[in-house]
Protein chains: 2
Amino acid sequence: MTAAEGLFVLEGRPTAQLIADQLREQIVQGAFRPGEQINESVLASQLSTSRGPVREALQRLCQEGILVSRRNRGVFVLELAIEDIREIYAAREAVESTAAAALLDAGSKSTRDTGLALKRIIRDMAKQVALSDWRAIARLDMDFHTTFVAGAGNSRLMRIYETLAAESRMCIFNLEVSYPRIDVLVEEHQNILDLLEAGNREDLFKAIKRHMQKAVEDLTAASEDNEIFA
Amino acid sequence: MTAAEGLFVLEGRPTAQLIADQLREQIVQGAFRPGEQINESVLASQLSTSRGPVREALQRLCQEGILVSRRNRGVFVLELAIEDIREIYAAREAVESTAAAALLDAGSKSTRDTGLALKRIIRDMAKQVALSDWRAIARLDMDFHTTFVAGAGNSRLMRIYETLAAESRMCIFNLEVSYPRIDVLVEEHQNILDLLEAGNREDLFKAIKRHMQKAVEDLTAASEDNEIFA
DNA sequence: CATCAGCAAATTGTTGACAATCTACAGTTC
DNA sequence: GAACTGTAGATTGTCAACAATTTGCTGATG
């Protein structure tokens, strides 16, 4: 058996995961309202499959915490309260700080690659800010942080963070927050990147902490004049 | 309809979750070898149910990362390499440090309750150390850290930590590590509790960090003379 | 008129059967 | 004898039908 370059296994990923990934994207983009029930039958027919694989995918998202399952009643989209926002961003700070420490400790090629990727994202972000494309901005915002954590090279941190990122996007979309501090958005991310490349450990931690705190403030402020929250 | 205290919904949890919880416990206790395939049919008959619910539970554990799914081949118990040990304990340090910060910031009744619970666990741990009951010691070790994180009152941190705790137990069991530093085990946990109650922030962070580093050292040392690892 | 029992529709939970795929082994060919 | 091919068994993936439960409605009853 000779190894052939450029060939890869076809559709290697399990079906339930593919469905779960699609559905997660739909949910964070607001295709379902918070608290809304997910009907297995209609979802199955939309995906032109049967209820079996759909149920398996739904269980994955329940384990992830994006959906909640109630026995004999079905699965529902997670409803976010103010307390949830605080939880999510506290957890994000924990993960990002650890990723930052790992990036600084590594301090090699992978760190430089991460820096380049982050630089590119910031450039795109500035472009979209000029165009006021909120959807794109939100996506790039998350791309920045996801790339940051990915740079740490810890697959568990990454898996954890992907869920937190999805929940953050749910917050942002459901609250229809249009980045009130749009002017400092690019600046804040650039600041984090600068501190990373400068190897300024303590200030980087502080910058991450402030970034998260500000996000919580914006989201909680927005949640007060929003019918979704209690 | 009058509200009755002390009553709760009977068997409110969904089936897939119940099966997943049982199976997770079996796995971390070493009922399945790392890399071993989980046969859906035999598992279904053991639980006297059909393959449907079993598959749903398996998907949950795949999402959690304790099992890995390969298309058209089935699900297998996660194989832990040395790199995984480092990942798990780095993530645990992140979560526990954040929980510690939250506990210190709260500094109220919940913090005191957590302290009492931790004290009780340490007392039991000392008892089991005297009896050399390794299984019980490992369980109490995890109980301590789980209780610690639970005290922070962040459900997301808790959910994350439960998976990491499960993976830690897999490490400990599979490597048959019998706590080489048995004499300092109680002491180390007592030290963490003392620093928490004293409100000594920086030293508490350092103690947690050291606790995790030592665990990684013990586990990696044990993994070198073990056929499971490469 | 309020309340409650009972019924009907919809949805989830479960099951067994069938199809697709992989693995291992035997047989064949060079 | 080595390597390849083909087949048989086992296991997973998928599906449609059936059972159980919940929910909303209807109407009887005080």
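Residue numbering restarts at 1 for every chain, and letters A, B, ... go by the order of the sequence lines. For the numbers below, each heavy atom of this structure counts, side chains included, while hydrogens, waters and symmetry mates do not.
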Once you measure the plane-to-plane angle for A:His189 and A:Phe144, does it fall in the parallel (<30°), tilted (30-60°) or perpendicular (>60°) bin?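 Rings of A:His189 and A:Phe144: perpendicular, over 60°.
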Mind checking what makes side-chain hydrogen bond (donor to acceptor under 3.5 Å, both in side chains) contact with A:Thr146, not counting sequence neighbours?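 A:Thr146: no side-chain hydrogen bond (donor to acceptor under 3.5 Å, both in side chains) contacts found.
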Just the rounded figure in Å: distance from [atom2] of [N] to [atom1] of [X].
X	N	atom1	atom2	answer
B:Leu43	C:dT15	CG	P	13 Å
B:Leu18	C:dG13	CG	P	12 Å
B:Glu36	D:dT11	CD	C1'	15 Å
A:Arg71	C:dT14	CZ	C1'	11 Å
A:Leu47	D:dG13	CG	P	17 Å
B:Phe76	D:dT11	CZ	P	12 Å
B:Arg51	D:dA10	CZ	P	15 Å
A:Gln37	D:dT23	CD	C1'	11 Å

Charged N-O contact under 4.0 Å between [X] and [Y]:
X	Y	result
A:Arg156	B:Asp84	yes
A:Glu64	A:Arg159	no
B:Lys214	B:Glu217	no

Closest listed nucleotide, where the reference is the side chain of [X] and the choices are [options]:
X	options	answer
B:Ser50	C:dT12, D:dT12, C:dT15	C:dT15
B:Thr15	D:dT21, D:dT14, C:dT14	C:dT14
A:Glu40	C:dT15, C:dT12, D:dG13	C:dT12
A:Asn72	C:dT15, D:dT21, D:dT11	D:dT21

Reckon B:Thr49 has a side-chain N or O less than 4.0 Å from the OP1 or OP2 of C:dT15?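 Result: yes.
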Within the pair B:Arg73 and C:dT23, is there a side-chain N or O less than 4.0 Å away from OP1 or OP2?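 Result: yes.
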Describe the nucleic acid contact of A:Gly52 in one word from base, sugar-phosphate, nothing, applying a heavy-atom distance below 4.0 Å.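 No contact.
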Keeping the roles fixed (side chain from A:Gln37, backbone from A:Arg73), state whether a donor-acceptor pair exists under 3.5 Å.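 Judged by distance alone, yes, a pair lies under 3.5 Å.
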When you compare the side chains of B:Ser155 and A:Glu87, does any donor N or O come within less than 3.5 Å of an acceptor on the partner?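 Their side chains do contain a donor-acceptor pair, which is all the 3.5 Å distance test asks for.
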Give the residues of residues 54-68 of chain B touching DNA chain D, defined as any heavy atom closer than 4.0 Å, sorted by residue number.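 Those residues whose heavy atoms fall under 4.0 Å from DNA chain D, taken from residues 54-68 of chain B in numerical order, are B:Arg55.
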